[in-house]
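Here is how names work: the chains are called A, B, and so on, in the same order as the sequence lines, proteins then strands, and each is numbered from 1. Values below: every heavy atom of this structure, side chains too, minus hydrogens, waters and symmetry copies. In this text, all values refer to a predicted model and were calculated from it rather than measured experimentally.
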2 protein chains.
Amino acid sequence: MSPSRGGQSGPSVTGRVLGILSAFGPSAEALTLSGIARAAGLPLSTAHRLVGELATWGALERGEDGRYRIGLRLWEVGALAPRSLGLRERAMPYLEDLYEATRQNVQLAVRDGHEVVYVERLAHPEAVRVFSRVGGRMPLNATGVGQVLLAFAPAAVQEDVLAGPLTALTPRTITDPHELRRVLAAVRREGVAVCDGMVDLLSLSVAAPVRGEDERVVASLSVVVPSTGAEPRTIVPAVRAAARGISRALGAPSARRRPAGVITPLPTATDDPALGAERGA
Amino acid sequence: MSPSRGGQSGPSVTGRVLGILSAFGPSAEALTLSGIARAAGLPLSTAHRLVGELATWGALERGEDGRYRIGLRLWEVGALAPRSLGLRERAMPYLEDLYEATRQNVQLAVRDGHEVVYVERLAHPEAVRVFSRVGGRMPLNATGVGQVLLAFAPAAVQEDVLAGPLTALTPRTITDPHELRRVLAAVRREGVAVCDGMVDLLSLSVAAPVRGEDERVVASLSVVVPSTGAEPRTIVPAVRAAARGISRALGAPSARRRPAGVITPLPTATDDPALGAERGA
DNA sequence: TGGGCTCCTTCCGGTGGCCGGAAGCTCGAT
DNA sequence: ATCGAGCTTCCGGCCACCGGAAGGAGCCCA
């Protein structure tokens, strides 16, 4: 399958190029040429050639300090990712409202494999400091959005995560598979996850699922507030409403507006496997 | 300079990979394998191999319909671009406020070469429809943010643009070099650009410059409102204030808070070449 | 001033990875 | 059935890529 080099040797040219891109990360936004070569495991002259070509194209930019950074052109192409742009565009107005109402941190995330990836984040400068950042990753078991995404993930993913090691970010992070399983069932039942002190001891997050047109949960939305703040329950309805609004904008049938006068049942997911337990990537 | 293939033949492997990425664009978010091959000018089997490798890494994702889209992993790397992330993070709170105050379209853009690239956009669903989109490009002469970025661009860039063909999006777009030159001088003097009906006849934008720590203009901020709306002048102060706030957050000395009681001169740029006329990309 | 360090840039010959034509496959439409 | 469009796999030949080596630029310390 992989066009790996004949017998055993290094990666293909494409692999090397991707390796160079991988050298950059949240903790390495700017790298020297030799830094890139080191991180990517390439000889300096090879790195020099490839990096030069990437810079010419605009995938990398060379700063005045001689160091390389990710270029605008690459960002531009990346912005075409449907799970970022399409989702973001439609979710923004709702995130806005939620942000305006709480003046705290509002986050939108999707699942990629066994991790959460934050797609959008609105943060008030004076709100609780949160670890997450746009483009950042976090474990599924330790965050509000993660628990929601996991609760509605395909069964295979859930089992994988439950089986694998569950990393703890604080003493309060859930690492016991049985407890996590109970929590996930509760999340499915309630349609909301409340996570207190699992990322850091000072903050608490309230998360709800966002559904796409085929009812699958495609994203999760959360608000992070100080643990010591007012009763968090008060923001649950707002989070649920925003998530439902986004689901509707995405075309989820269960989030359709009902005729006035009819009580709208919350889109709480049952454990119905038809809704959250099969399919997925 | 370019490691072009020896004598004359096709691009290098790296070039081919980048060509594949270039095949995607705002009007081509999802492509079939053969579509990619066609757009990138590659034989099918070559495209197949390279695309496969890109998909394995996560730069591309294959949808259920068999078509390829930009992958989350590439988006993630692109999000590390300093002109996107660093700028965005600090600008967001101010964009929020502006959005909240106007409930229209708020945009943040940077210059790349002879074009504007939109880095962030907040749009109310019921606001005027605008053409721009996050990651999209527009000509410098036809937009509010573009005029601001051009007005403060290095002299060489200005001359290039003034010399080159000036594309018109509507009959009201400025295409006369002399007129544009006058407008740019006015923008420098006023510290704000007001663009009526230049992108489409129904909307008007008010833009102001954002400065970095070395006083150079690094971005531009605008609000787009209906042409027919209330006197646009009323939003000028809000736009200026937000731009100044972002400049301060970025560390621009001219945007520092002055001691109370001292009248703060607007950071209007003179035509002083030391501020906007030399250096650049 | 000189030595030692890190980082960057250029050069060039050998070779192994890449190229891409061709054949076969799976669809869906006619 | 027949066609066509798109996808996947295979494999031999050739040439583009690799990377060691040499040289330059800048910095710090003695």
Visitor: Less than 4.0 angstrom between a side-chain N/O of A/T46 and OP1 or OP2 of D/dC18, yes or no?
Guide: no

Visitor: Give the rounded distance in Å between these two atoms: CG of A/L44 and P of D/dA22.
Guide: 15 Å

Visitor: Let me know the distance between CG of B/L33 and P of C/dC27, rounded to the nearest Å.
Guide: 17 Å

Visitor: At what distance, to the nearest 0.5 angstrom, does CD1 of B/I246 lie from CG of B/L108?
Guide: 6.0 Å

Visitor: Are A/R73 and A/W57 in a cation-pi contact, defined as NZ or CZ under 6.0 Å from the six-membered ring centre and within 45° of the axis?
Guide: yes

Visitor: Nearest whole angstrom, please: distance from the P of C/dC8 to the CZ of A/R67.
Guide: 11 Å

Visitor: Spell out yes or no: do the side chain of B/S45 and the base of C/dG20 have one donor N/O and one acceptor N/O closer than 3.5 Å?
Guide: yes

Visitor: Could B/R69 and B/E64 be called an ion pair, given the rule that one side-chain N must be under 4.0 Å from one carboxylate O?
Guide: no

Visitor: On DNA chain C, compare the nucleotides closest to A/T14 and A/L31; which residue's is nearer the 5' end?
Guide: A/L31

Visitor: Rounded to whole angstrom units, what separation is found between the CZ atom of A/R38 and the P atom of C/dT6?
Guide: 9 Å

Visitor: Is A/R49 close enough to D/dG19 that one of its side-chain N or O atoms is under 4.0 Å from OP1 or OP2 there?
Guide: no

Visitor: Is there a side-chain contact between B/S12 and the phosphate of D/dA16, meaning an N or O under 4.0 Å from OP1 or OP2?
Guide: no

Visitor: Rounded to whole Å, please give me the gap between NE2 in B/H48 and C1' in D/dC11.
Guide: 16 Å

Visitor: Just compare D/dC7, C/dC8, C/dG20 and give me whichever is closest to any side-chain atom of B/P43.
Guide: C/dG20

Visitor: Looking at B/R88 and A/E120, is there a salt bridge between them, counting it only when a charged N and a carboxylate O are closer than 4.0 Å?
Guide: yes

Visitor: Rounded to whole Å, please give me the gap between CG in A/L50 and P in C/dT9.
Guide: 14 Å

Visitor: May I have the distance from B/I20 (atom CD1) to C/dC18 (atom C1'), rounded to whole angstrom?
Guide: 13 Å

Visitor: So which nucleotide from C/dC19, D/dC18, C/dT10 ends up closest to the side chain of B/R16?
Guide: C/dC19

Visitor: How close or far is atom C1' of D/dT8 from atom CG of B/L42, stated in whole angstroms?
Guide: 17 Å

Visitor: I want to check a possible cation-pi pair here: B/R211 against B/F152, using under 6.0 Å from ring centre and within 45° of the ring axis as the test.
Guide: yes

Visitor: Please pick, from D/dC7, D/dG20, C/dT9, the nucleotide with the shortest atom-to-atom distance to any side-chain atom of A/R62.
Guide: C/dT9

